[in-house]
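Reckoned from all heavy atoms, side chains included, excluding hydrogens, waters and symmetry mates. These numbers come from a predicted model, not from an experiment. Position 1 is the first residue of the sequence; numbering continues from there. All ligand and atom numbering here is 1-based and tracks the order in the structure.
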Amino acid sequence: MDFRSDTVTQPTQAMREAMATAIVGDDVYGDDPTVNDLEVWAAERHGFEDALFTTSGTQANLLGLMAHCERGDEYLCGQQAHNYKYEAGGAAVLGSIQPQPIENNPDGTIDFAKLKAAIKEDDCHFARTRLLSLENTIGGKVLPMNYLAQARQFVDEHGLSLHLDGARVYNAAVALNVDVKEIANYFDSMTICLSKGLAAPVGSLLLGSREYIAKARRLRKMVGGGMRQAGILAAAGKLALTEQVSQLAVDHDNAEHLANQLAQLPGFSVVIEQVHTNIVFASANDDIDIAHISNQLAKEGITMPSNNSMRFVTHKDITKSDIDRFISRLKTFL
Ligand SMILES: *Cc1c(COP(=O)(O)O)cnc(C)c1O
């Protein structure tokens, strides 16, 4: 039982079989039919002209930002954005692109007044503001659809492009009960992680216009992300999108169940209203030795956070009865 992340999910049996039998070729030559199928299918499925299979979500974001921005350009993003805070500064280091982070509201949105104030005028003192990058879900929270519509209007008014870090965009779509295309529609480009709750072993997608993806494809080669018989991975990636999406609703129910159970434990608190999808933030009073409990439970094969400010992530390899067992073990320590 591993609560650290949905990235720990094991590939399904169907994925293992599809990987074993995938027809492959050299994808750098454009010869891998399984990669090509995934890219063509994913572009159509999400309402974009083209798609690119990448090694990771971090790489998809990096290529995505670099394909929008040149050296000395900047992108606006949230202070909590994965592609600002958790990607080793890649856009700045490798793309010479300046991030302009703006504080996120507690619901994950960013105020348009603050975004507007951060757009630089055309003046040689400033970086050129090119792009707004949003994230959905962000910290497990779903951005409201009307916020996305406002973001589209905002970028159109200011001549910017709009990127979505959609690592968990399917969690957002499932939580909102909308087709993922309705979310994707607002954006010029979008990433999707296949290797989180959707359970593929490796890989992400970057989606955008034909010209944009051609640029990203060149950049992918530059950063060493051109893979050869990558159809082995793409075969599992396609199943992530065709067979695993319905699992996310179960993960969300389980997260809600976990949040409710944790909230009832003495000395624990959870902001239940912020649990929209498969991520639960909880905190325990200082007099509870979470590090010790975590250590003890690790011996029983339960991996939970080790400090008092905790993040739990549900996924297909944790069932509701696992959660009940976890809660009952936790109670024995309290
Ligand atoms: C996980 C994640 C990424 C990066 O994905 P990796 O495949 O781990 O590199 C990007 N953005 C968000 C919001 C994520 O949660």
H315: ring-ring contact (aromatic ring centres under 6.0 Å, His included) partners, not counting sequence neighbours: none
Partners of F187 by ring-ring contact (aromatic ring centres under 6.0 Å, His included), sequence neighbours excluded? none
Salt bridge or not between K215 and E70? Use side-chain N to carboxylate O under 4.0 Å. yes
Going by the rule side-chain hydrogen bond (donor to acceptor under 3.5 Å, both in side chains), which residues pair with D253 if we only count those two or more places apart in sequence or in a different chain? none
Give the protein residues with at least one non-hydrogen atom closer than 4.0 Å to an atom of ligand 1, ordered by chain and number. S56, G57, T58, N61, H82, E87, E135, D165, A167, R168, C193, K196
Can a salt bridge be assigned to the pair R130 and E74 using a cut-off of 4.0 Å between side-chain N and carboxylate O? no
With no hydrogens and no angle check, do the side chains of N171 and H276 hold a donor and an acceptor under 3.5 Å apart? no
